[in-house]
Amino acid sequence: MAPKRATPFRTEHALQFGVKVVERDAATKEVVSASCLFCIHFGREENIGSKRSRTANVMYFKKPFRSDMYLRHMTSQHPLRWNEYSALNQTEKASYFDANAPVVHRNTIKSYFGGSQVPIQLLVDKDIVNVIIGDMLFQDDDNNEEITKERALSIFEDVLDPSEGNRDGCDDAADVSTARYRIHLKNPAQFYLICDYLSVGASFRMASRILAMTKENTGLASLGSVSEGKAASFARFVCALNLQSLKDLLARVWTFSVAMDMSTHMATSYLDIRIRLHWKGSILNFHLLAIPMFSRHTGEEIFLHASKALDVLAPSWKKMVVAISTDGERKMTGRVQGVATRFEQAALPGFYRIWCGLHQLDIKLQSFFVSLMDEQYYSSLTSLISYLRRQQNLISSMKTKAPTVSDTRWESMSKVSTWFKTNRVDVLAYLDLKKPAVAPSSSWWIVLMFCQKISTEATITFRSLEGLYNDRGAAA
């Protein structure tokens, strides 16, 4: 079977048939989608005698871009307007929609920069794009065919075209100019709206659909359309621009401090980096990066990732950083290979190391609970919880389920032990009836009551340090 012909978009068809390009391929710059201006400005015409109601959807053309497809749509959905439009000359067609469209459907949206909706260009350093967005956010062995590293970074344009590099013999000037990438925003309002949607948690697909609904409900044709891939490109633009702003700010201050933590999301570990600096009389706290850690989580690897990012954003960071705050974990605070130790060795004398008091308390609680009853208390607790959570009849009669204990925040022991204390009569009766192997001894219950008291006091301390409660444990 012969392959389907993919007829490319022809520029002259835009004016001839009243269509508008709304999306291009980021890598090849070829037209991917074009919209019908008659649908946008006038809507579809009523079909006399038809039992179906008129749809308000805008027609989007995709490959193959054949003239017969345009003509079929225009004659069937916009016959009266098309007859009028097709009789005009080129000059009259160019002003047809602005002159005849209802006011609600005209391109009346203003730019975020206070003027007309005109394209803008912004510049970012190449090392921000190549090192942080390229090298650090993509795995070396990532074989995703849908979005490769090269394709993801192709949206950033060189400031000068290759043909301009040696023009007039200005090699040095060309080298300086091409040290940055250009971000070309043809539709600033579209860009900022997508950024707003992403900032409240919308996925790329959701942001694309929300923009389409915004355009259709407001009649603002200038918003255009955005695919999932283009929304992802906008997200990369935002990352690059924000990192550029932070780099510019760090170049204007003399010192800053760093805070670091490790977390896991969807089986991927992330290194979270924050910076704090003094600017114009205020202490500013910025979230710098959440970098995926595809390698081992050793102190050396964490330090190498953090220093790689700081080398880009603050090339003189070793002379500027004055302190580091960590969660107190061994790989963060180890005397020989800990992350804080490595930062102290790289920085100038007078470096401060700050540990999180809450995490230190959490570590002590962990050590305490694990050591109880010759390290048998905690294993018995988790086994009992696992058993009780499978007993549906008990859960139905009690109308409550045993909570799980978290091994990352040991203050959850308060919640677990309080539940057992409150429901101990029902739980003991059920265990006496079923006699499971996980049924704990009487001495275990005594230790549980002791843990409930200790963990409750610890929780009050946690909340007091966080500023949520006063020294009596009441809400502040």
Side-chain angles (χ1 to χ4, degrees), residues 9 11 14 19-35 37 40 58 60 106-130 132-134 137 147 149-162 164 177-200 202-216 218-249:
F9 183 82
T11 306
V19 296
K20 178 183 178 181
V21 174
V22 293
E23 184 181 356
R24 293 180 182 271
D25 186 274
T28 64
K29 309 302 180 185
E30 291 182 356
V31 176
V32 175
S33 176
S35 61
L37 290 176
I40 293 173
V58 175
Y60 290 93
R106 290 183 185 170
N107 296 336
T108 56
I109 190 168
K110 296 297 182 182
S111 166
Y112 275 74
F113 297 91
S116 59
Q117 179 69 323
V118 296
I120 61 173
Q121 295 185 11
L122 303 169
L123 300 177
V124 295
D125 290 351
K126 278 190 173 182
D127 51 3
I128 289 178
V129 176
N130 296 335
I132 297 181
I133 297 180
L137 299 184
I147 180 65
K149 174 181 173 179
E150 291 71 21
R151 183 177 179 184
L153 300 186
S154 65
I155 58 177
F156 298 94
E157 305 173 357
D158 277 322
V159 174
L160 295 180
D161 294 329
E164 301 178 53
S177 298
T178 56
R180 306 193 110 190
Y181 281 127
R182 177 196 294 118
I183 294 178
H184 189 198
L185 301 178
K186 297 181 180 179
N187 192 331
Q190 181 188 82
F191 170 75
Y192 281 98
L193 283 174
I194 290 293
C195 293
D196 287 343
Y197 302 152
L198 296 177
S199 70
V200 295
S203 65
F204 297 147
R205 177 177 297 181
M206 291 170 60
S208 173
R209 290 297 304 136
I210 294 172
L211 182 73
M213 290 185 288
T214 302
K215 182 182 70 173
E216 291 171 7
T218 60
L220 294 172
S222 61
L223 294 182
S225 63
V226 170
S227 64
E228 294 179 48
K230 193 172 184 179
S233 298
F234 284 170
R236 295 186 189 98
F237 285 160
V238 171
C239 289
L241 292 171
N242 285 339
L243 290 173
Q244 183 65 56
S245 297
L246 288 173
K247 182 174 183 176
D248 294 341
L249 181 59

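Here the structure is a predicted model, which is why all the values come from computation and not from measurement.
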Check your understanding: Counting N and O atoms only, with roles assigned by atom type, does the side chain of Gln244 sit under 3.5 Å from a partner on the main chain of Asp125, one being a donor and the other an acceptor?
Key ->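 Pair found, side chain donor or acceptor close to backbone of Asp125.
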Just by distance, do the side chain of Ser208 and the backbone of Phe204 share a donor-acceptor pair under 3.5 Å?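 It does not hold such a pair.
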Kindly compute the distance separating [atom1] ([X]) from [atom2] ([Y]), expressed to the nearest 0.5 Å.
{"X": "Arg182", "Y": "Leu122", "atom1": "CZ", "atom2": "CG", "answer": "11.0 Å"}
{"X": "Arg209", "Y": "Ser225", "atom1": "CZ", "atom2": "OG", "answer": "10.5 Å"}
{"X": "Phe234", "Y": "Leu193", "atom1": "CZ", "atom2": "CG", "answer": "10.0 Å"}
{"X": "Ile40", "Y": "Tyr60", "atom1": "CD1", "atom2": "OH", "answer": "6.0 Å"}
{"X": "Ile210", "Y": "Ile194", "atom1": "CD1", "atom2": "CD1", "answer": "8.0 Å"}
{"X": "Leu241", "Y": "Cys239", "atom1": "CG", "atom2": "SG", "answer": "9.5 Å"}

Residue pair [X] / [Y], side-chain heavy-atom distance below 4.5 Å:
{"X": "Phe191", "Y": "Val238", "value": "yes"}
{"X": "Tyr181", "Y": "Asn130", "value": "yes"}
{"X": "Thr214", "Y": "Tyr197", "value": "yes"}

If you take all heavy atoms of [X] and [Y], which pair is closest and at what distance?
{"X": "Ile183", "Y": "Ala240", "answer": "CD1-CB, 4.4 Å"}
{"X": "Val226", "Y": "Ala231", "answer": "CG1-N, 3.6 Å"}
{"X": "Leu198", "Y": "Ala207", "answer": "CD2-CB, 4.0 Å"}
{"X": "Ser35", "Y": "Val58", "answer": "CB-CG1, 4.3 Å"}

Worksheet item: Considering the options Glu216, Gln190, Met206, Lys230, which one meets the side-chain contact (heavy atoms from CB on, under 4.5 Å) requirement together with Leu211?
Response: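 When side-chain contact (heavy atoms from CB on, under 4.5 Å) is applied between Leu211 and each of Glu216, Gln190, Met206, Lys230, only Gln190 qualifies.
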